[in-house]
Amino acid sequence: CAMSDKIAAIAPVAGAHPQMGSCQPMLPVSVIVFHGSRDGTVPYLGDGGYLPPVPAWAAAWARRNDCDAKPAVDHPHTTATRETWTGCSGDAAVVLYTIEGGGHDWPGAAFGPGPYPDGIAPGLYATDVIWGFFEAHPRRLEP
C-alpha cells in the first residue's frame, strides 16, 4: 500500500493476506492471486480473525482499485476458477485463481507435494501467467 507509486502489480501464490482495512494506496496496484481451496497452511476461507477469506481479500483490492463491483467468472482449467475484476482505475486489474482441491502449492511448480506439473490444475503454470500479467500491467513512470 505504501509503495504503490513504485509497485505496479503483485502476485501472491498461497499467500497469507492479513486484514488491510487501513490500506489506501496512492495509485492502483494490479493484483493476481493463486490459492488452493484446501490449503492447510493458509486457509482459503481465512482463520476467523487475522486472515480474511481469500475471495474477500481479492474483492477488497478490487474496491481499492475502483474496479467493477462484480468479477467475470470463468473456468480456464478443469480445476481452476478465475474471477477477473475489470474497469479499474489506471488500467489496473484484479484476478483470483481458485484451485479447487489445491493445497499450499504453486501451480505448475516441479517441487512440493502432489503430482506436478499437471496434477493440481492441468496446464496452469502460475509463473507464466504471472509474467504475462506483470507485462500487461506495468507502472508507467513520469520521465
Exercise. Could you tell me whether Asp91 atom CG has more than 12 heavy atoms of other residues or ligands within 6.0 Å of it?
Key: no

Does some side-chain heavy atom of [Y] sit less than 4.5 Å from a side-chain heavy atom of [X]?
| X | Y | answer |
| --- | --- | --- |
| Val54 | Ser37 | no |
| Val13 | Ile130 | yes |
| Pro28 | Arg64 | no |
| His17 | Val42 | no |
| Glu83 | Val95 | no |

Practice problem: Look at the rings of Phe133 and His137 and say which category their plane angle falls in: under 30° parallel, 30 to 60° tilted, over 60° perpendicular. | Solution: tilted

Practice problem: Could you tell me how the ring of His77 sits relative to the ring of Tyr97: parallel (under 30°), tilted (30 to 60°) or perpendicular (over 60°)? | Solution: tilted

Heavy-atom closest pair, residues [X] and [Y]:
| X | Y | result |
| --- | --- | --- |
| Pro55 | Tyr44 | CG-OH, 3.3 Å |
| Thr41 | Pro43 | O-CD, 3.7 Å |
| Ala69 | Trp85 | O-NE1, 3.6 Å |
| Pro52 | Pro18 | CD-C, 3.9 Å |
| Ala92 | Ser30 | CA-OG, 3.2 Å |
| Asp105 | Gly102 | OD2-C, 4.2 Å |

Self-check item: Trace of the side-chain contact (heavy atoms from CB on, under 4.5 Å) decision for Trp57 with Val31
Solution: CA-CA 11 Å; Trp57 187 87; Val31 178; 3.9 Å; yes

Roughly how far, to the nearest 0.5 Å, is the [atom2] atom of [Y] from the [atom1] atom of [X]?
| X | Y | atom1 | atom2 | value |
| --- | --- | --- | --- | --- |
| Leu96 | Trp61 | CG | CH2 | 14.5 Å |
| Leu124 | Ile99 | CG | CD1 | 5.0 Å |
| Asn65 | Thr86 | CG | OG1 | 12.0 Å |
| Leu27 | Lys6 | CG | NZ | 10.5 Å |
| Met26 | Asp5 | CE | CG | 4.5 Å |
| Asp39 | Leu45 | CG | CG | 10.5 Å |

Quiz item: Given the rule in the side-chain contact (heavy atoms from CB on, under 4.5 Å) test, do Phe34 and Thr98 qualify, once you have shown the distances and angles that lead to the verdict?
Solution: CA-CA 6 Å; Phe34 294 81; Thr98 299; over 6 Å; no

Practice problem: Could you give me the CA-CA distance, side-chain angles and deciding distance for Val33 and Val94, then say whether side-chain contact (heavy atoms from CB on, under 4.5 Å) is met? | Solution: CA-CA 8 Å; Val33 182; Val94 176; 5.9 Å; no

Quiz item: Under the 3.5 angstrom rule, does the side chain of Arg139 hit a backbone N or O of Ala9 as a donor-acceptor pair?
Solution: no

Quiz item: Going through the distances and angles, do Arg82 and Val73 end up as a side-chain contact (heavy atoms from CB on, under 4.5 Å)?
Solution: CA-CA 6 Å; Arg82 177 175 53 201; Val73 178; over 6 Å; no

Quiz item: Does a side chain donor of either Thr127 or Trp106 reach within less than 3.5 Å of an acceptor in the other side chain?
Solution: yes

